Number of protein chains: 2
Amino acid sequence: MVSKRAIRGDTRARIVAAAAEEFARCGFDGAKVDRIAARAAVNKAMLYYHFANKAALYRDILRTMFATVAAAVDSLRESGASPQAQLAAFIAAVNDTALTHPHFPPMWLREIADGGRHLDDAIVREMSSVVSTLAGILSLGAQRGDFRPVHPFIVQLGIVGPLLLFAASAPIRERYRDRTPQQIGSIPREAVVAQVQSMTLAGLRPEPAHPVRRRR
Amino acid sequence: MVSKRAIRGDTRARIVAAAAEEFARCGFDGAKVDRIAARAAVNKAMLYYHFANKAALYRDILRTMFATVAAAVDSLRESGASPQAQLAAFIAAVNDTALTHPHFPPMWLREIADGGRHLDDAIVREMSSVVSTLAGILSLGAQRGDFRPVHPFIVQLGIVGPLLLFAASAPIRERYRDRTPQQIGSIPREAVVAQVQSMTLAGLRPEPAHPVRRRR
DNA sequence: GTCTATATTTTGATAGAC
DNA sequence: GTCTATCAAAATATAGAC
């Protein structure tokens, strides 16, 4: 039962959209309920009519976020393509999602930094679904002898880490475009994706790629 | 002139230490001045005697943080070792710093997610110093024909991204140790560092490592 | 340098009419 | 479902004595 909303704006959806932007920009504690309501052009009391409290609203968005990534990544497993191609597609899918949902990267980073303060079991299930999908690709590649065995979560870090940092650092790079060397301001995202793809694939090749250690 | 502190506790240092922990755990907005003062066993008014306000205290810590990383990374350039070895040492140095200063990773992630809200020019200088050091290693390798030319910042993302995520996600992995598949709880950090090293080096090899693209 | 007491503002949340 | 008015609890910051 959906009651009788959706006559034009669907307030609930507007609240969620405004909240996602606010949470991404300010974090959970920095986000202000008044600002969310204002941005959604909704009365603050209305917000509390739809959601029990700020935390419930936040969790709802987090859940959607990870479910979106999980679904995007899961869909490409059916292609039956080679492990290499599937892995590249996995990386592209994560990047696409970050592109089409610009608030995901900051929220993801923040939730990690927060020690997962607002995670519930449902959200964690979605998160680990992403890793499981990756694990499937990796074990397929290992079976075929294309990949050497590596812990899926480590590979996940190598993929998600750079992509999240790149996406989330856009405002900083833009602001300090000229005040920094190395033209950090003008890096095409395609170059980042391509580099993550080639780095990940190269790092998975069966022949150990001369790892060196060093302590100062 | 250092006045006459340091008789035993050095209040200022205690404030900074307590604040670093609080900022790492809660973020700028989540961090409470009362809690910082309490944790430092210092009166709250004392805190405002040493620092103009919460933001100034925060910036002071950020500055130290990036200066520490910049120094650690810079020192290993003098070794005159091979580009490969220097790069591996760079990665190890970043990891070591994250290990010895556990509040750095969350703070770093948060500042990125925050869009660099609290950065000032001095801090940005330290940050770009790290990238410059990496750029030096990369261009040395490129001169010798050991590395193919890649934008330093992209390589930086590939190094710092995984390491920060791994370090900062420790509490989450610990909490959901058994509720998740893939034994995410028990991954040795050495494995992560080794994988980042081999992935980075492999991704820099002159021969292009069959990059694949894909859009769903 | 250190503490007590307090001013001021902000903010999450609710009561209750329509 | 929607809005007005408002409460109560933080939380940043300061004044001013010692």
Side-chain angles (χ1 to χ4, degrees), chain A residues 1-62 107 110-111 113-114 117-120, chain B residues 1-62 107 110-111 114 117-118 120:
Chain A
M1 44 177 120
V2 201
S3 319
K4 58 134 196 179
R5 38 179 156 96
I7 299 187
R8 199 195 52 118
D10 199 346
T11 42
R12 196 193 141 104
R14 283 214 313 281
I15 293 172
V16 170
E21 201 176 319
E22 175 79 1
F23 283 132
R25 181 159 12 226
C26 311
F28 182 80
D29 293 304
K32 300 309 166 192
V33 180
D34 291 279
R35 220 148 45 194
I36 294 175
R39 203 175 298 200
V42 161
N43 192 285
K44 183 167 55 159
M46 206 52 222
L47 191 150
Y48 284 100
Y49 172 77
H50 283 287
F51 298 92
N53 50 38
K54 188 177 161 183
L57 172 56
Y58 180 82
R59 278 196 303 272
D60 194 88
I61 294 172
L62 257 202
M107 287 191 71
R110 284 199 151 98
E111 194 52 31
D114 253 345
R117 208 183 359 145
H118 295 285
L119 298 182
D120 59 24
Chain B
M1 42 172 123
V2 201
S3 318
K4 58 134 193 178
R5 41 179 153 97
I7 298 185
R8 196 195 55 118
D10 198 344
T11 42
R12 196 193 141 103
R14 283 214 314 282
I15 292 173
V16 170
E21 202 176 319
E22 174 79 1
F23 283 132
R25 180 158 12 222
C26 310
F28 182 80
D29 294 303
K32 299 310 165 193
V33 179
D34 290 281
R35 220 146 47 193
I36 294 175
R39 202 175 298 199
V42 163
N43 192 285
K44 184 169 52 163
M46 205 54 223
L47 191 150
Y48 284 101
Y49 172 79
H50 283 287
F51 298 92
N53 49 37
K54 190 178 160 184
L57 171 56
Y58 179 83
R59 278 196 303 271
D60 194 88
I61 294 172
L62 258 202
M107 288 191 69
R110 285 199 149 98
E111 193 53 31
D114 254 345
R117 205 178 9 141
H118 296 284
D120 59 24

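What you see is a predicted model, and the numbers here were worked out from it, not measured in a lab. Throughout, a chain's letter reflects where its sequence line sits, starting with A, and its residues are numbered from 1.
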### Query
Expressed in angstrom and rounded to an integer, what is the separation of A:L47 atom CG from D:dG1 atom P?
14 Å
### Query
Who are the side-chain contact (heavy atoms from CB on, under 4.5 Å) partners of B:D34, not counting sequence neighbours?
B:K44
### Axis bend over the full length of the helix from C:dG1-D:dC18 to C:dC18-D:dG1, computed from five pairs that close each end, to 10 degrees
0°
## Note on the structure
Numerically ordered, the residues 15-31 of chain A set in heavy-atom contact under 4.0 Å with DNA chain C is A:A31
### Task
Could you tell me which residues satisfy side-chain contact (heavy atoms from CB on, under 4.5 Å) with B:R25, sequence neighbours excluded, listed by chain and number?
B:E21, B:R39
### Query
Looking only at atom types and distance, does a side-chain atom of A:K54 sit under 3.5 Å from a main-chain N or O of A:A31, one as donor and one as acceptor?
yes
### Query
Shortest non-hydrogen contact from B:R35 to B:C26?
NH2-SG, 3.7 Å
### Message
Between A:V33 and A:F51, is there a side-chain heavy-atom distance shorter than 4.5 Å?
### Response
no
### Task
Measure across B:A41 and B:R14 and return the closest heavy-atom pair with its distance rounded to 0.1 Å.
O-NH2, 3.4 Å
### Task
Figure out the CZ/P separation between B:R35 and D:dA11, and round it to whole Å.
7 Å
Quick test: give all pairs of protein nitrogen or oxygen and nucleotides 3-10 of chain D nitrogen or oxygen below 3.5 Å, distance rounded to 0.1 Å.
{"unit_1": "D:dT4", "atom_1": "OP2", "unit_2": "A:N43", "atom_2": "ND2", "d": "3.3"}

### Summary
Sorted by chain and number, sequence neighbours left out, ring pair (Phe, Tyr, Trp, His ring centres under 6.0 Å) with B:Y58 holds for B:F23, B:F28, B:H118
### Task
Identify which nucleotide among C:dT2, D:dT12, D:dG1 has an atom closest to any side-chain atom of B:H50, counting heavy atoms from C-beta outward.
C:dT2
## Note on the structure
Nearest heavy-atom contact between A:L57 and A:A19 is CD2-CB, 3.7 Å
#### Entry: Partners meeting side chain to side chain donor-acceptor pair (under 3.5 Å) with A:D120 (sequence neighbours left out)
A:R63
### Query
With respect to the phosphate group of C:dT14, does any side-chain polar atom (N or O) of A:Y48 fall under 4.0 Å of OP1 or OP2?
no
#### Entry: Listed partners of A:R117 passing side chain to side chain donor-acceptor pair (under 3.5 Å), at least two apart
A:D29, A:D114
### Task
Please work out which residues in residues 51-62 of chain B have a non-hydrogen atom less than 4.0 Å from an atom of DNA chain D and list them by number.
B:N53, B:K54
### Task
For residues B:V42 and B:T11, report the shortest heavy-atom separation together with the two atoms involved.
CG2-CG2, 4.1 Å
### Task
Go through the structure and list residues passing side chain to side chain donor-acceptor pair (under 3.5 Å) with A:N53, not counting sequence neighbours.
none
### Task
Check the distance between D:dA11's C1' and B:I36's CD1 and give it to me in whole angstrom.
12 Å
### Task
Could you tell me whether the phosphate oxygens of C:dT2, OP1 or OP2, come under 4.0 Å of any side-chain nitrogen or oxygen in B:T11?
yes
### Task
With the side chain counted from C-beta on, respond yes when B:D60 and B:R12 share a heavy-atom pair under 4.5 Å apart, and no when they do not.
yes
